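Below is one structure, written out as structure tokens; comments come after it.
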Amino acid sequence: MCGIVGYIGSQKASPILLAGLTKLEYRGYDSAGIAIIEDGKIDVQKDQGRVSNLYKIKEIENLNGTIGIAHTRWATHGTPSKENAHPQTSNNGDFAVVHNGIIENYVELRKELEEKGYKFFSSTDTEVIPNLIDYFYKNDNKNQKELKFVNAVKNATDKLVGSFAIEVLSKENPDNMIVVRKDSPLVIGKGYGENYIASDIPAILSYTKDFYLLENLEFALLSRDNIRFFDKNLKEFNKKSDTITWNAMAADKNGYEDYMLKEIYEQPTAIRETIGTRVNTGICKFDELNFTKEYLQNLKQIYIVACGTAMHAGLAVKSTIERFSKIRTEVDIASEFRYRDPLIDDKTLCIFISQSGETADTIAALKLSKEKGAKTLAISNVIGSSITREADYSIYTHAGPEIAVASTKAYTSQITLLTLLAIYLGQVLGNVKEQEVSKLVNEMLELPIKVEEVLKTTEKVKKIAKKLYQEKDVFYLGRGVDYTTAEEASLKLKEISYIHSEGYPAGELKHGTIALIEKGVNVIGIMTNKNLVKKTISNMEEIITRGAVTTAVLSESIYKDINTTIFDNLIIVPDTDESLSSIVTIVPLQLLAYYIAKEKGLDVDKPRNLAKSVTVE
Ligand code: M6R
């Protein structure tokens with residue numbers, strides 16, 4: 001949930017650390033800090049609030065040290081404050097640590113350390129770590145300094161229960177830094193005579209393209225020219241680096257006012273790249289999956305499990321998967337699924353969707369499914385992310401880095417990939433007619449152009465946003481897949497504009513919620529399905545009678561077919577196959593949420609109380 005950066009080399013560390021933190025601010029932004037080794041001591045500077053506050057600290061500007069660690073925080077234990085900001089240090093200032101994750105047994109560890117004479121100055125779970133390292137370091141008389149350092153970090157992490165990605169500086173080891181992770185991401189960027197650390201690749205992508213993706217409980221001892229890797233028993237091993245193909249531009253705003261807007265506009269490319277070369281002469285290829293017809297025929301059910309927008313992507317493809325595979329498919333929220341003892345076994349295929357691949361509840365749900373004997377398939381946007389390392393199989397969306405907290409291009413790419421997966425399942429099972437597949441595949445290939453067309457409605461959407469931005473409540477209605485779009489559109493509005501909203505099944509309104517509709521309440525009706533449109537129009541008429549102000553989102557052919565004068569505002573999207581309609585329909589509604597938030601003068605990329613990846617449950 002927080003962001004980590006580290007640098008060891010020959011350049012002044014502080015500008016590199018601050019630039020990295022700025023790129024990672026979407027992971028957490030209630031306090032930030034850095035620690036740099038200079039003149040034989042560790043200098044820690046930190047403050048409450050955003051990373052920009054660190055730029056105002058004179059002492060940071062004057063620090064010339066070439067080794068340092070840094071952190072931007074999203075508070076879990078202890079309020080956002082200077083004391084609780086990272087780095088946290090050992091009592092004697094010999095060790096400084098930044099930490100992502102949660103130490104579940106920190107209360108017990110704190111007590112143990114207090115009995116040994118250590119004092120605590122913050123309410124964080126993290127502060128136990130530098131003090132534990134200090135304790136083990138002081139009590140090691142056998143080893144020389146460098147090995148003592150590695151041993152102390154290992155002994156300390158052996159005591160930790162929970163999740164962590166940790167960077168450690170040691171005063172007595174001014175030319176080394178140690179990093180280790182468990183269930184929280186951390187990567188090492190390899191340079192020439194310098195090395196970089198980050199919790200997320202975009203933070204250091206402008207310096208290197210060669211990365212080591214640390215696995216759980218692997219330790220790395222970094223110096224300027226070398227990186228030594230140790231396993232959990234401190235046995236040294238060689239590790240292969242990976243080369244990342246994104247460029248730094250892709251992770252930058254590239255001229256857009258906000259990342260969210262840039263990412264909305266990147267959707268045609270993200271969809272195109274996600275389809276990639278998977279479709280060839282009507283066949284959907286998933287070489288990474290070796291599902292046999294026999295295995296699929298034996299399946300009783302498919303579960304799709306995820307959180308937030310990723311869960312909505314699951315809902316959007318549920319019927320497509322059922323249509324092609326003829327296997328009962330359920331969609332569940334990861335935080336519910338993991339605690340309700342779901343009925344799954346080796347005749348269940350569990351699919352986990354996570355843009356970041358780091359969402360704690362989704363990872364826990366995946367582990368549970370594995371324990372119960374199900375095969376697990378991860379769908380992520382981040383190569384090497386935790387979820388993909390846990391799953392039996394992984395397939396990737398190719399949306400490029402998604403930085404804004406509100407997920408946009410990941411959603412449409414997930415639906416794209418899952419639709420291809422649905423076709424693939426149908427093809428392996430021999431369930432699908434060639435004609436049906438080629439019709440849908442052709443529609444998919446046209447999606448990028450259709451989304452580009454939708455993006456041209458921006459000016460119209462902006463005008464609607466100007467009318468809506470002062471509202472207190474907005475309702476989104478739809479039937480079938482339009483209901484899923486309603487839920488996703490509502491989530492977008494809530495999280496970035498702080499306007500209360502609900503995505504509701506149009507037919508369910510009169511079973512209670514219609515009581516909330518009175519003169520002036522804004523309702524957005526989504527209507528893209530010819531078979532259901534009449535029903536939804538009746539529901540819209542019921543609320544128009546009660547004085548609601550309405551916006552209709554209509555597919556082109558429906559627009560031509562119905563009387564649209566009853567609606568106050570109209571948004572028209574191109575026709576497409578029903579399985580794909582969420583993709584074209586959500587785009588103007590993402591834009592609507594965006595422009596409403598802009599009208600309100602809000603920070604679109606970093607909405608209050610939220611962080612990009614939710615690595616705590
Ligand atoms: O990284 P993930 O896809 O696992 O994230 C899941 C949700 O936390 C995420 O989609 C969240 O709902 C977004 N803020 C929605 O815009």
Side-chain angles (χ1 to χ4, degrees), residues 1 26-29 74 183-185 199-202 258-261 263-264 267 270 274 304-317 331-338 351-366 377-391 394-397 399-415 417-418 484-485 487-498 501 503 582 586-587 589-594 597 602-617:
M1 193 71 86
Y26 63 91
R27 291 182 68 97
Y29 34 82
W74 187 85
D183 298 333
S184 196
S199 48
D200 236 354
I201 290 171
D258 306 276
Y259 282 112
M260 182 177 173
L261 190 63
E263 288 159 9
I264 291 174
Q267 289 180 106
T274 297
I304 303 181
V305 183
C307 301
T309 290
M311 195 273 295
H312 292 156
L315 287 174
V317 291
V331 180
D332 210 342
I333 297 166
S335 54
E336 291 293 321
F337 179 89
R338 63 182 288 198
I351 303 176
F352 299 87
I353 314 170
S354 175
Q355 186 285 128
S356 61
E358 303 298 342
T359 300
D361 281 319
T362 313
I363 296 172
L366 187 150
L377 164 61
I379 296 190
S380 180
N381 195 35
V382 181
I383 294 174
S385 55
S386 303
I387 203 160
T388 64
R389 296 186 218 183
E390 291 286 343
S394 299
I395 53 177
Y396 292 94
T397 48
E402 192 181 66
I403 308 289
V405 166
S407 185
T408 53
K409 61 177 179 171
Y411 176 69
T412 46
S413 305
Q414 284 158 354
I415 298 175
L417 187 64
L418 281 154
T484 303
T485 314
E487 287 194 288
E488 172 58 11
S490 161
L491 177 61
K492 287 292 88 80
L493 185 71
K494 271 186 274 219
E495 69 181 325
I496 61 165
S497 77
Y498 317 149
S501 74
S582 269
I586 195 62
V587 176
L589 297 171
Q590 293 167 342
L591 285 168
L592 184 66
Y594 172 84
L602 297 172
D603 184 342
V604 174
D605 287 337
K606 301 185 194 88
R608 71 182 177 203
N609 306 339
L610 291 173
K612 182 66 181 163
S613 30
V614 186
T615 53
V616 290
E617 71 168 285

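Quick caveat: nothing in here was measured; it's all calculated off a predicted structure. Counting starts at 1 for both ligands and their atoms, following the listed order.
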Completion exercise
Contact region, Met311 to ligand 1, non-hydrogen atoms below 4.0 Å, reads neither
Exercise for the section: Using modelled atom types only, decide if a donor and an acceptor are shared between the side chain of Thr362 and the backbone of Ala306 within a distance under 3.5 Å. Expected result: no
Practice task
Identify the protein heavy atom lying closest to atom 11 (C) of ligand 1, giving its residue, its atom name and the separation to 0.1 Å.
Solution key: Thr309 N, 4.2 Å
Practice task
Look only at the side chain of Glu402 and the backbone of Thr408, and say whether a donor-acceptor pair between them is shorter than 3.5 Å.
Solution key: yes
Problem - Under 3.5 Å: N/O of Val405 near N/O of ligand 1 - result: yes
Practice task
Provide, to 0.1 Å, the distance between atom 7 (C) of ligand 1 and the closest protein heavy atom, together with that atom's residue and name.
Solution key: Cys307 O, 3.6 Å
Fill in the blank from the handout: Under 4.0 Å from one or more heavy atoms of Ala310, ligand 1 contributes atoms 3 (O), 10 (O)
Practice task
Could you tell me whether some N/O pair between Gln414 and ligand 1 is separated by less than 3.5 angstrom?
Solution key: no
Practice task
Identify, by atom number and element, the atoms of ligand 1 in contact range of Glu495, meaning under 4.0 Å from any of its heavy atoms.
Solution key: 13 (C), 14 (N), 15 (C), 16 (O)
Handout entry: Ile387 CD1 to Ser380 OG distance, which is reported to the nearest 0.5 Å
Key = 7.0 Å
Handout entry: Any N/O pair Thr362/ligand 1 closer than 3.5 Å
Key = no
Problem - Asn381 (side chain) donor-acceptor with Pro401 (main chain) under 3.5 angstrom - result: no
Practice task
Measure the CD-CE distance between Glu488 and Met311 for me, rounded to the nearest 0.5 Å.
Solution key: 9.0 Å
Problem - Under 3.5 Å: donor-acceptor pair, side chain of Asp605, backbone of Tyr259 - result: yes
Exercise for the section: Keeping the roles fixed (side chain from Glu263, backbone from Ala404), state whether a donor-acceptor pair exists under 3.5 Å. Expected result: yes
Exercise for the section: For atom 1 (O) of ligand 1, grab the closest protein heavy atom and report residue, atom and distance to one decimal in Å. Expected result: Ser356 OG, 2.6 Å
Exercise for the section: Test His312 against Gln414 for side chain to side chain contact (heavy atoms under 4.5 Å, CB included), laying out the working first. Expected result: CA-CA 10 Å; His312 292 156; Gln414 284 158 354; over 6 Å; no
Exercise for the section: Would you confirm whether Thr397, through its side chain, and Ala399, through its main-chain N or O, come within 3.5 Å as a donor-acceptor pair? Expected result: no
Fill in the blank from the handout: Closest heavy-atom approach to atom 5 (O) of ligand 1 among Thr359, Ile353, Thr397 is made by Thr359
Practice task
Give the residue, atom name and distance (to 0.1 Å) of the protein heavy atom nearest atom 8 (O) of ligand 1.
Solution key: Val614 CG2, 4.0 Å
Problem - Where ligand 1 meets Ala406 - atom numbers and elements under 4.0 angstrom, heavy-atom basis - result: 16 (O)
Fill in the blank from the handout: Any heavy atom of Lys492 under 4.0 Å from ligand 1? The part involved is side chain
Exercise for the section: Specify the protein heavy atom at minimum distance from atom 3 (O) of ligand 1: its residue, its atom name, and the distance to 0.1 Å. Expected result: Gln355 N, 2.7 Å
